[in-house]
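Chain letters run A, B, ... following the sequence lines, proteins first, then strands; residues in each count from 1.
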Number of protein chains: 2
Amino acid sequence: MTAPLHEDRPAGPGRALPDTQQGMRRRNLARVLHAVRAEGPLSRAAVASRIGLTRAAVSTLVDELIRSGLLEELGPERPGRVGRPGSALALSGRGPAGIGAEIGVDHLAVCAVDLRGTTRSRAIRQGLNRGRSPGPVLAELTELIRRVVAEAEGEGLWPAGLAVAVPGLVARDARTVVRAPNLDWHDTDLGDLLPADLPLTVDNEANFGALAELWLGDGTPRDFLHVSAEIGIGAAVVVDGGLLRGTRGFAGELGHVPVQPDGPGCACGGRGCLEQYAGEEAVLRAAGLEPDEDRVGLLAGRAAEGDEDVRRALRDAGTALGVALTGAVNLLDPESVVLGGELSGLAPWLLPSLRDELARRTAGPACPVSVSRLGPQGPLLGAAHSVVRAVLDDPATVAERA
Amino acid sequence: MTAPLHEDRPAGPGRALPDTQQGMRRRNLARVLHAVRAEGPLSRAAVASRIGLTRAAVSTLVDELIRSGLLEELGPERPGRVGRPGSALALSGRGPAGIGAEIGVDHLAVCAVDLRGTTRSRAIRQGLNRGRSPGPVLAELTELIRRVVAEAEGEGLWPAGLAVAVPGLVARDARTVVRAPNLDWHDTDLGDLLPADLPLTVDNEANFGALAELWLGDGTPRDFLHVSAEIGIGAAVVVDGGLLRGTRGFAGELGHVPVQPDGPGCACGGRGCLEQYAGEEAVLRAAGLEPDEDRVGLLAGRAAEGDEDVRRALRDAGTALGVALTGAVNLLDPESVVLGGELSGLAPWLLPSLRDELARRTAGPACPVSVSRLGPQGPLLGAAHSVVRAVLDDPATVAERA
DNA sequence: GCTATTTCGTCATGCCGATTTACAAATTAG
DNA sequence: CTAATTTGTAAATCGGCATGACGAAATAGC
């Protein structure tokens, strides 16, 4: 017994279930599903060895999952190995679907993702939402949702839930937008204005972006810092494959980390916050540009053209980001830092100075900084996938519907 | 179904066990124990209602735990309520004991804690360890351990494990001290030099201090930042009742968070790290004092006497701490910040400026800052309790020994 | 004081779910 | 073509919790 004595934070899917036989069954259903999801088509025997149950037990679990429409039998495998070939199992492409939606400053987007993680339907509507009241915007969004759901149903899917990404702070009830500065929304309960026939989850777009990064990659890293920028600079902290939300749900406010303790005052009451150096408005001002509508696009365009003022502004922003991230990295020791969301478009001009600063301030190898492959569509995908994950984490809750 | 769809990080004791019937049994044994620990003497029926099992099931679990020597029957309760009184159950005072040890710069300490959490035996040896090689120090420590274990055994306890708190970085194997600057130890495997008959865990003293704060209080908060100071400044991040360790186990390096990006250079390669403003050496220098042996005591003494230079140095250190903590609080949104370890002795002079700075930089109510009740003995208690927690989290592993 | 009521702990029974054991089916190795 | 190997399923078994009933020990009401 030399293993670590105390498990600090054991984790795994569906652990909120009671420790009774039904709970055990439900967790084992989830484990079968996760094994199949993680390692492609798998035979019953392969699943059994992966999750530590016997073939017989897995057989009954698989039967139940097939009857529920969550698993599909692909037919016999054709391998070169000795012995009877197994029958390949895969997540169903005709079962529940996760509906993801995104409310952006300049667009609305909706998509449907099946259990396998492939996007089966999508709809986008360009148009500025800044300052529009929630009612009309959500009416438009509802329209898009109806279209996407209809298309998904046409392919044999049924919607298991709706997750909405918003550019702002969301209360812990996962329904109410506390503050969305870009939209000028305050204390709005989206549940009242969206289809009531779907279970609803609302969350910050940065959080969903981080979850997308976590779920759509190769499974590593499980500990990272996901930085994205809206009007301010938000970060999501992923620890051991889960989102760190904080007591009030406000974790990740990287924009108000002090970078220059006696710098210019900030709306938050502090001085020299990162936002004053690397926030959208600050960078535009430093570059000598007027606040425009497509702000990020404008910056990226000018920088690509070679505008030296813009490039310098972005370099300086990268340096400031590096200072703030040095603090965060020292505190959290993440495996990596990922630049996501709108920031990914500016990465070519931010990254060099950011990496420099981080390396300069680190003894030994610096924390690697990468750019999200998903870019601006991370939040939408993360939202849709969060619904899918919920199904995979506890298949019993949706099995009845099938 | 309006509950949050996805559980980000479900947690609980002993969740690494397989989802089989034996695993279920083991987890339920742990849940009984935790219920009794958390809510004092409890009848079988009370436990059953707490953990959601039936009285019959709890009866068999309790029988097993009593046979193993982990629970004790105190006899019939004498309540004013109607109905047959239950038989009160309590954690055993004659079962397994957690042995905690601390290697400090100027002392060695060992204690034994029983399942109830009361310290049953202790031994301290004053004497400077700075620069001494590990061999002799650990020989002395072994001697203390033998004494404490013998005394505990005299009271009917048997040692379930040994946890050692060291002032330095510990590798993830929980045995090897990577770097302990105060002792001048490097890459030392303590397992080779300590009693081999006890399961061993080694960890940083700041981590154990934070765990003590978590376990010995009233159970709240479960999310906080525990700041302690050795030669540098270490912090431990507690999230949802568990320690955040980081990929390499280096999380919590608050001392190297930049507070003044163009400040003086630091050994870590950075500039203006917190350590340059609030580290022990920096404060001594700022106060115009020579590095003495009992550094903290010296500072506290002078400050109490009214030495204005010392007080100013501590005020400034508090301000710098406030800047660094502003960043940490923005990133993590903890419920509170706790000053522990040696820092608690200096709190009266650090706190005012620290709180000021934090409040100045925060919109809305600032994160509350408190001082650990445990003070300098937190790490030792945390170490001993970590062994006890391991037993409570999985009683089956030790039950055989009884 | 006596009885009804309430609660506790335990026992016998049953159910659920995973394991064990056995076997037929389907493939490869020789 | 036979032996070996692996898969999937069926029957029997076992472990563990739930259910329901019961005696025990207290209070409440008469």
Is the side chain of [X] donor-acceptor paired with the backbone N or O of [Y] at a distance under 3.5 Å, no angle test?
| X | Y | value |
| --- | --- | --- |
| A/R37 | A/R389 | no |
| B/D223 | B/D240 | yes |
| A/R116 | A/L91 | yes |
| A/S121 | A/A112 | no |

Any N/O pairs under 3.5 Å between the protein and nucleotides 9-12 of chain C? List them or say none.
| unit_1 | atom_1 | unit_2 | atom_2 | d |
| --- | --- | --- | --- | --- |
| C/dG9 | OP1 | B/S87 | N | 2.6 |
| C/dG9 | OP2 | B/R44 | N | 3.2 |
| C/dG9 | OP2 | B/A45 | N | 2.8 |
| C/dG9 | O4' | B/R84 | NH2 | 3.4 |
| C/dG9 | N7 | B/R55 | NE | 3.0 |
| C/dG9 | N7 | B/R55 | NH2 | 3.2 |
| C/dG9 | O6 | B/R55 | NH2 | 2.8 |
| C/dT10 | OP2 | B/R44 | NE | 3.3 |
| C/dT10 | OP2 | B/S59 | OG | 2.6 |

Rounded to the nearest angstrom, tell me the gap between atom [atom1] in [X] and atom [atom2] in [N].
| X | N | atom1 | atom2 | value |
| --- | --- | --- | --- | --- |
| B/L42 | C/dC8 | CG | P | 11 Å |
| A/E64 | C/dA18 | CD | C1' | 14 Å |
| A/L61 | C/dC16 | CG | P | 15 Å |
| A/R26 | C/dC16 | CZ | P | 16 Å |
| A/M24 | C/dC16 | CE | P | 13 Å |

(request) Please tell me which of A/A57 and A/E77 maps to the more 5' nucleotide of DNA chain C, matching each residue to the nucleotide holding its nearest heavy atom. (result)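 Going by which nucleotide is closer to the 5' end, it is A/A57.
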(request) Give a yes or no on whether a salt bridge exists between A/R245 and A/D203, defined as a side-chain N under 4.0 angstrom from a carboxylate O. (result) yes
(request) Any chance you could measure B/R44, atom CZ, to B/L89, atom CG, to the nearest 0.5 Å? (result)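 Here the rounded value is 5.0 Å.
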(request) For DNA chain D, note the earliest and the latest nucleotide, 5' to 3', having some atom under 4.0 Å of a heavy atom belonging to chain B. (result) D/dG15 to D/dT27
(message) With a 3.5 Å cut-off and heavy atoms only, can you find an N or O donor on one side and an acceptor on the other between the side chain of B/Q21 and the base of C/dG17?
(response)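 Check passes, donor-acceptor contact within cut-off.
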(message) For B/T60 and B/R25, which I'm curious about, is there any donor-acceptor pair between the side chains at under 3.5 Å?
(response) yes
(request) Please determine, by modelled atom types, if B/R31 and B/N28 share a side-chain donor-acceptor pair under 3.5 angstrom. (result)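 Yes.
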(message) With a cut-off of less than 4.0 Å, is there a side-chain N or O of A/N28 near OP1 or OP2 of C/dG17?
(response)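 For A/N28, the contact criterion (side-chain N or O under 4.0 Å from OP1 or OP2 of C/dG17) is not met.
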(message) Show the nearest heavy-atom pair for residues B/G191 and B/R175, with the distance to one decimal.
(response)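 Of all heavy-atom pairs spanning B/G191 and B/R175, the closest is CA-NH2, 3.3 Å.
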